[in-house]
Amino acid sequence: MFDAHFHIIDSRFPLVPNHGYLPPTFDATAYRSATRDLGITGGAVVSGSFQAFDQSYLRDALSALGEGFVGVTQLPADVKDEEIADLDRIGVRAVRFNLRRGGSATLDDLEALAMRVHEVAGWHTELYVDARELDALWPRVKHLPCVGVDHLGLSSEGLPALARLVGHGGFVKATGFGRLDFDPREALRRLCAANPEGVIFGTDLPSTRAPRPFDPSDIDLVREALDESVATKVLTTNAKRLYRV
């Protein structure tokens, strides 16, 4: 399995309180321990709001985790092309805009920065956003090379917009099931019907601020909701293609 979304939180590196919240430590060793029995062969370390633009933790985490693991980072709008290229060399593959909690570049920077990281390094763009906002964002994102949304968009009301995004060639992360206001099973079926190549699974470990943290049964849920061939795409092959692993 490829874990397309998890966080590494290491207090040796800068952490920024977000709305008064600082997460507990969850370093590379803790991640390996938590996932030892899950059959994970690679994954994407995702920068959280509390890490803002720090790259030092990500460099260390990718070195510690080793082959098969890549990064999703947050960058300021004025980042130099040279830094984007350098981060690409260590395995970073995407830029994240945290529109829900902040800590990233702003919505005003979305189009220009998303296009630039794609041109410099072939990266895609990831959005942490409630999918109810996607209709308003559509004019901004529909022309971008590749855009994805975290946590199944969080709300059932946004599922039609997610299906449109996936059908348009974007992707959705089947992550954070404990954050949702709906049963993910039917959402998985609907989104995979729109495009079976456009859904990827992640553990969301350590599930910071989630009402219910990740449980291994979430993986079983994906396998139960989908045909075996589609479940394999969601759990492994779609993400490996997206992150060029």
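- The closest side-chain heavy-atom distance from R116 to V79 is below 4.5 Å.
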Legend entry - From CA spacing to verdict: side chain to side chain contact (heavy atoms under 4.5 Å, CB included), Q51, V16: CA-CA 6 Å; Q51 284 153 330; V16 181; over 6 Å; no
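- To the nearest 0.5 Å, atom CG of residue D108 and atom CG of residue L113 are 12.5 Å apart.
- No side-chain donor-acceptor contact under 3.5 Å links T175 to the backbone of T203.
- Taking 4.5 Å as the limit, every side-chain heavy atom of D204 sits out of range of all side-chain heavy atoms of D150.
- Counted by atom type alone, D27 and T25 present zero donor-acceptor pairs between their side chains at under 3.5 Å.
- Two residues are said to be in side-chain contact when any heavy atoms from C-beta on lie closer than 4.5 Å; N18 and N98 fail this criterion.
- Note: L110 CG to S104 OG = 9.5 Å, rounded to the nearest 0.5 Å.
- Rounded to the nearest 0.5 angstrom, I90 CD1 and L62 CG are separated by 5.5 Å.
- If you take OG1 on T73 and CG on L58, they are separated by 5.0 Å, rounding to the nearest 0.5 Å.
- Under a hydrophobic-cluster definition in which Ile, Leu, Val, Met, Phe, Trp and Tyr are linked whenever side-chain heavy atoms come within less than 4.5 Å, directly or via other members, L242 and Y128 are assigned to different clusters.
- Side-chain contact check for S217 and D220: no donor-acceptor pair (N or O, by modelled atom type) lies under 3.5 Å.
- With a 4.5 Å cut-off on side-chain heavy atoms, L165 and H168 do not count as touching.
- A donor-acceptor pair under 3.5 Å is formed between the side chain of R96 and the backbone N or O of S47.
- A donor-acceptor contact shorter than 3.5 Å links the side chain of R93 to the backbone of D88.
- Side chain of D60 to backbone of Y57: no donor-acceptor contact under 3.5 angstrom is found.
- Each of Q74, R209, H19 was evaluated against S49; a single residue qualifies, R209, per the side-chain hydrogen bond (donor to acceptor under 3.5 Å, both in side chains) test.
- Qualifying side chain to side chain contact (heavy atoms under 4.5 Å, CB included) partners for D135, counting only residues two or more places apart in sequence or in other chains: A161, R164.
- Between Y243 and H124, the ring center distance clears the sub-6.0 Å criterion.
- Judged by distance alone, with hydrogens and angles left aside, the side-chain atoms of K173 form a donor-acceptor pair with the main-chain N or O of A4 at under 3.5 Å.
- By the rule that hydrophobic residues join a cluster once side-chain heavy atoms approach within less than 4.5 Å of another member, V117 and V149 end up as members of one cluster.
- When ring centroids are compared, F6 and F214 stay outside the 6.0 Å threshold.
- Ion pair K80/D86 not flagged as a salt bridge, since none of the NZ, NE, NH1 or NH2 atoms sits closer than 4.0 Å to an Asp/Glu carboxylate oxygen.
- Heavy-atom minimum distance, L152 versus P184: CD1-CB, 3.9 Å.
- I84 and F53 are not part of a single hydrophobic cluster, where members link through side-chain heavy atoms under 4.5 Å apart.
- By the rule that hydrophobic residues join a cluster once side-chain heavy atoms approach within less than 4.5 Å of another member, F97 and V147 end up as members of one cluster.
- No path of Ile, Leu, Val, Met, Phe, Trp and Tyr side chains, each step under 4.5 Å between heavy atoms, connects L235 with V46, placing them in separate hydrophobic clusters.
- Judged by distance alone, with hydrogens and angles left aside, the side-chain atoms of T232 form a donor-acceptor pair with the main-chain N or O of E228 at under 3.5 Å.
- The shortest side-chain heavy-atom distance between T208 and I9 falls under the 4.5 Å cut-off.
- Taking CH2 of W123 as the reference point, atom NE2 of H118 lies at 13.0 Å (rounded to 0.5 Å).
- When each of T41, T237, V245, N238 is tested with F2 by the rule side chain to side chain contact (heavy atoms under 4.5 Å, CB included), just one qualifies, namely V245.
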Inset, instruction - Could you go through the side chain to side chain contact (heavy atoms under 4.5 Å, CB included) check for T125 and V141 one step at a time? - result: CA-CA 10 Å; T125 297; V141 304; over 6 Å; no
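- Note that CG of L180 and OG of S156 are 9.5 Å apart. Values are rounded to the nearest 0.5 Å.
- Under the 4.5 Å side-chain criterion, counting only non-hydrogen atoms from C-beta, R189 is in contact with L226.
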Legend entry - Test side chain to side chain contact (heavy atoms under 4.5 Å, CB included) applied to E157 and F182, step by step: CA-CA 9 Å; E157 189 179 332; F182 56 91; over 6 Å; no
Legend entry - From CA spacing to verdict: side chain to side chain contact (heavy atoms under 4.5 Å, CB included), L75, Q55: CA-CA 9 Å; L75 294 172; Q55 309 300 330; 3.5 Å; yes
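- The shortest distance between side-chain heavy atoms of F171 and N195 does not fall below 4.5 Å.
- Remark: R223 engages no residue in a salt bridge (charged side-chain N to carboxylate O under 4.0 Å, His left out) (not counting sequence neighbours).
- Counting heavy atoms from C-beta outward, H5 and I200 have side chains that stay 4.5 Å or more apart.
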